[in-house]
Amino acid sequence: MLHRRHMITLTLAALAAPAKAQPYLAEGGVALRGYDPVAYFTHAEPRRGDPAISAQWGGATWHFTDIASRDSFLAAPDRFAPQYGGYCAWAAAQNYLAPVDPTQWQIVDGRLYLNASARIQRRWQRDIPGHIRRADANWADLRP
C-alpha cells in the first residue's frame with residue numbers, strides 16, 4: 001500500500017512539474033552560437049555578440065554586440081529571434097531538425113531564417129516560399 005501511494009505521489013509530482021522544453025537551439029546554452037540576432041537586421045550581416053552583453057529568453061542565453069541591440073531584442077524578441085527555434089529552415093521544410101551555421105542566413109518578410117551550410121542555403125533559396133510553407137506546416141510536430 002505504501003509503495004502504491006509513493007508511486008502515485010511521484011506520478012502526480014511529475015505531471016505537475018513544469019516542462020523543461022528549450023524552444024531555441026542553444027549549444028552550451030547559448031543561442032545562435034553567440035551571434036547577435038539583432039545584427040542580421042541592423043547591420044545586414046552576422047556579428048558575434050559579446051558574452052558580457054547577454055540576455056535570457058526562450059530557454060537560451062543570447063549574446064549581443066552592444067546594449068542597444070540587447071534592449072531592442074528584449075523589447076521584441078519574436079521580431080529578431082530566428083524562425084523554427086534557430087534550427088535549419090531547409091531541414092524543417094524536409095520535416096527534420098538540424099543545427100545551423102549562423103553565417104548562412106536570410107531575412108524574408110522581416111523574419112530571420114538560418115540554414116545548416118552554404119550548400120543547404122542554396123537549396124533553400126531555390127524555392128523559399130515553398131520551403132517556408134512546408135516548414136511552417138511541419139514545425140508544430142518538430143518542436144523539440
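Computed over heavy atoms, backbone and side chain alike; hydrogens, waters and symmetry mates excluded.
- Note: R79 CZ to S72 OG = 7.5 Å, rounded to the nearest 0.5 Å.
- Between W105 and A44, the shortest heavy-atom distance links the atoms CZ2-O, 3.4 Å.
- How far CD1 of I67 is from CG of D50: 9.5 Å, rounded to the nearest 0.5 Å.
- For the residue pair P99 and A116, the shortest heavy atom distance occurs at O-CB, 3.4 Å.
- Annotation for S54 and T61: closest pair CB-CG2, 3.9 Å, computed over non-hydrogen atoms.
- Ring geometry, Y24 versus W57: the interplanar angle falls from 30° to 60°, so the pair is classed tilted.
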Verdict with supporting geometry, Y35 and L114, side chain to side chain contact (heavy atoms under 4.5 Å, CB included): CA-CA 12 Å; Y35 282 81; L114 302 169; over 6 Å; no

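- For the atom pair D78 CG and R111 CZ, the distance stands at 7.0 Å (nearest 0.5 Å).
- For the pair P82 and Y87, the minimum side-chain heavy-atom distance is 4.5 Å or more.
- Residues Y40 and P102 meet the side-chain proximity criterion, which asks for heavy atoms closer than 4.5 Å.
- Under the 4.5 Å side-chain criterion, counting only non-hydrogen atoms from C-beta, Q83 is not in contact with I132.
- R134 places no side-chain N or O within 3.5 Å of a backbone atom of N95 that could act as its donor or acceptor partner.
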Do H63 and R48 pass the side chain to side chain contact (heavy atoms under 4.5 Å, CB included) test, and can you show the C-alpha distance, the side-chain angles, and the key distance before you say yes or no? CA-CA 8 Å; H63 294 174; R48 283 220 177 258; over 6 Å; no

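- Two residues are said to be in side-chain contact when any heavy atoms from C-beta on lie closer than 4.5 Å; W124 and Q104 fail this criterion.
- The heavy-atom pair separating A31 from A60 by the smallest distance is CB-CB, 3.9 Å.
- Checked by atom type, the side-chain pair N115/Q121 shows a donor-acceptor distance below 3.5 Å.
- Using bins of under 30°, 30° to 60° and over 60° for the plane-to-plane angle, the ring pair W90/Y96 lands in the perpendicular bin.
- Under the side chain to side chain contact (heavy atoms under 4.5 Å, CB included) test applied with Y84, the options L97, L25, D136 reduce to a single match, D136.
- Side-chain contact check for H131 versus Q125: every heavy-atom pair is 4.5 Å or farther apart.
- Between atom CZ of residue R70 and atom CD1 of residue I53 there is a gap of 7.0 Å, rounded to the nearest 0.5 Å.
- Distance check, rounded to the nearest 0.5 Å: OH of Y113 to CD1 of I107 gives 11.0 Å.
- Using a 4.5 Å cut-off on side-chain heavy atoms (C-beta onward), L32 and W62 make contact.
- Looking only at distances, a side-chain donor or acceptor of N138 sits under 3.5 Å from a matching main-chain atom of A92.
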